[in-house]
Amino acid sequence: MAAGRFPGCDRLGSMTDRDGGRRGRLVIVGTPIGNLSDLSPRAVRSLSEADVIACEDTRVTRKLLSAASVRAPRLMSVRRENEASLVGAIVRLVEGGATVALVSDAGMPAISDPGQRVIAAAADLPVEVVPGPSAVTAALVVSGLDSSRFCFEGFLPRRGAERLARLREVAGSRVTAVVFEAPKRVGATLADLAVHCGPERRCAVVCELTKLHESVWRGPLGQAGERFAAAELRGEYVIVLEGAPEPPPVDEATIAASLAASLEAGLRGRSAVDQVAAGLGVSRRRVYDVLNSRTSA
């Protein structure tokens, strides 16, 4: 076998049967998040070769194809509301030998966009991915915050206990968080994050990535909430949030004081140890050692 080649793949990466015949395939294609010039040559080729393009809004995709001088094949509108009902039809197209390109209006399908159900259903079929622009990684790197580890949160729940639980989870996370938000809710979300994370936690608010009016604001959450609270906002927004700071080391005196408080409150033995360990974030073994030294003294 020649270097760099794998069984079942031709020179351009297309899947082939063992007898050389073309098999159907699903091609996940990343599209520009704003600037149409970001469409890659490989993406153009994949869209040109597609028999069917499964897209969100056919008008948006036709504009993209026109800009890339690609003749539009059959377009299927696959939106969040109808994706489940179209999965079977798309799978049958691929099984029948068609090349189906899956795109969203902007960025990568299935990343806060439709597509995950289609991709999961095609797991036993030839599936390729053509990487493209992503608002997640673009906002992360331009934020200037730690990018060695991060968590993508998508859109936070809008209200109720589910939102509160997610805000607390994000606030306690040690890694950088990337959050999508609608323009009318940016101010409220920044204010909520400031309450749960503290006003000094650093963040970046990124708007209209790759577009004419792209902007990046960096600063503490407290100032961000004030800045974006009353503004008439438009466009696509990404919030990048600094991870929670590492807690200061817990010394033996702190464990002893917490243990004494638990014992005075009426807890005994294992119950007191469990409470102190959970409250201070230390191992039960360390608490037991302090308890034993206290008892022996």
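Counting only distance, with no hydrogens or angles, the side chain of S271 and the backbone of L267 share no donor-acceptor pair below 3.5 Å. A donor-acceptor pair under 3.5 Å is absent between the side-chain atoms of S143 and the main chain of A204, judged by distance alone. R202 places no side-chain N or O within 3.5 Å of a backbone atom of R218 that could act as its donor or acceptor partner. Remark: side-chain polar atoms of R286 are not paired, donor with acceptor, to backbone N or O of A277 under 3.5 angstrom. Side chain of D113 to main chain of P109: no donor-acceptor pair is present (N/O by atom type, distance under 3.5 Å, no hydrogens or angles). Between the side chain of S258 and the backbone N or O of T254 there is no donor-acceptor pair closer than 3.5 Å. The closest donor-acceptor contact from the side chain of R268 to the backbone of L263 lies under 3.5 Å. R201 contributes a side-chain N or O that, together with a main-chain N or O of A171, makes up a donor-acceptor pair within less than 3.5 Å. The closest donor-acceptor contact from the side chain of T61 to the backbone of T58 lies at 3.5 Å or more, if one exists at all. For S173 (side chain) and E169 (main-chain N/O), no donor-acceptor pair under 3.5 Å exists by modelled atom type.
For the atom pair CZ (R159) and CG (L164), the distance works out to 14.5 Å, reported to the nearest 0.5 Å. Taken to the nearest 0.5 Å, the CD atom of E214 stands 9.0 Å off from the CD atom of E208. Note that CG of L241 and SG of C203 are 7.0 Å apart. Values are rounded to the nearest 0.5 Å. We find the CD1-SG distance between I239 and C207 to be 11.5 Å, quoted to the nearest 0.5 Å. Atoms CD1 and CE, from I28 and M108 in turn, are 6.5 Å apart once rounded to the nearest 0.5 Å. Note that CE of M76 and CG of L102 are 10.5 Å apart. Values are rounded to the nearest 0.5 Å.
Contact check for T176 versus R149: no side-chain heavy atoms found under the 4.5 Å cut-off. Residues E83 and V118 are in side-chain contact: their nearest non-hydrogen atoms beyond the backbone lie under 4.5 Å apart. In this structure, F228 and Q223 have side chains that are not in contact, with every pair of non-hydrogen atoms separated by 4.5 Å or more. A 4.5 Å side-chain heavy-atom check between C55 and V60 finds every atom pair outside the cut-off. In this structure, V206 and Y237 have side chains that are not in contact, with every pair of non-hydrogen atoms separated by 4.5 Å or more. Contact check for R163 versus L156: side-chain heavy atoms found under the 4.5 Å cut-off. Using a 4.5 Å heavy-atom threshold, the side chains of L26 and E128 count as separate. You'll find the side chain of E252 stays beyond 4.5 Å of the side chain of D289, heavy atoms only.
Under the 4.5 Å side-chain heavy-atom criterion for grouping Ile, Leu, Val, Met, Phe, Trp and Tyr, V27 is not connected to V94 through any hydrophobic cluster. At a threshold of 4.5 Å between side-chain heavy atoms, the hydrophobic network of Ile, Leu, Val, Met, Phe, Trp and Tyr places V175 and V178 in two separate groups. Residues V100 and V29 are members of separate hydrophobic clusters, defined by side-chain heavy-atom contacts under 4.5 angstrom among Ile, Leu, Val, Met, Phe, Trp and Tyr. Neither L209 nor V179 shares a network with the other; the hydrophobic side chains, linked directly or stepwise wherever heavy atoms of I, L, V, M, F, W or Y lie under 4.5 Å apart, form separate groups for each. Both L125 and I119 are members of a single hydrophobic cluster when ILVMFWY side chains are connected at heavy-atom separations under 4.5 Å.
With respect to the salt-bridge test (charged N to carboxylate O, under 4.0 angstrom), the residues R284 and D274 qualify. Checked for salt-bridge contact, E242 and R174 miss the test: no charged N lies under 4.0 Å from a carboxylate O. Checked for salt-bridge contact, E56 and R80 miss the test: no charged N lies under 4.0 Å from a carboxylate O.
No hydrogens or angles considered: a donor-acceptor pair under 3.5 Å links the side chains of E181 and T189.
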Checking side-chain contact (heavy atoms from CB on, under 4.5 Å) for the pair V103/L47: CA distance, chi angles, key distance, verdict?
CA-CA 9 Å; V103 301; L47 295 173; 4.0 Å; yes

Decide yes or no on side-chain contact (heavy atoms from CB on, under 4.5 Å) for R25 and E49, but give the supporting numbers first.
CA-CA 11 Å; R25 56 183 176 147; E49 294 175 349; 3.0 Å; yes

Between I33 and S134, is the side-chain contact (heavy atoms from CB on, under 4.5 Å) condition met? List the steps.
CA-CA 7 Å; I33 57 177; S134 169; 5.9 Å; no

Check step by step if side-chain contact (heavy atoms from CB on, under 4.5 Å) holds for L93 and R74.
CA-CA 12 Å; L93 283 169; R74 174 186 171 190; 4.0 Å; yes

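Between F155 and F180, the closest heavy-atom pair is CD2-O, 3.4 Å. Smallest separation of non-hydrogen atoms from L39 and L64: CD2-CD1, 4.0 Å. Residues D146 and L140 come closest through the heavy atom pair O-CD1, 4.2 Å. Nearest approach of L221 to C197, heavy atoms of both residues: CD1-CB, 3.7 Å. Of all heavy-atom pairs between S104 and T31, the closest is O-OG1, 3.3 Å. The shortest heavy-atom contact between A272 and L259 is CB-CD1, 4.1 Å.
Among residues two or more places apart in sequence or in another chain, the side-chain hydrogen bond (donor to acceptor under 3.5 Å, both in side chains) test is passed with R59 by D57.
Heavy-atom neighbours of R234 CZ from other residues, nucleotides or ligands within 6.0 Å: at or below the threshold of 12. Around NZ of K63, the count of heavy atoms belonging to other residues, nucleotides or ligands within 6.0 Å does not exceed 12. Summarising the local packing, CD of E162 is surrounded by 12 or fewer heavy atoms from other residues, nucleotides or ligands at distances under 6.0 Å. Shown here is R79, whose CZ atom has more than 12 heavy atoms of other residues, nucleotides or ligands within 6.0 Å. Remark: D251 CG is packed, more than 12 non-hydrogen atoms of other residues, nucleotides or ligands lying under 6.0 Å away.
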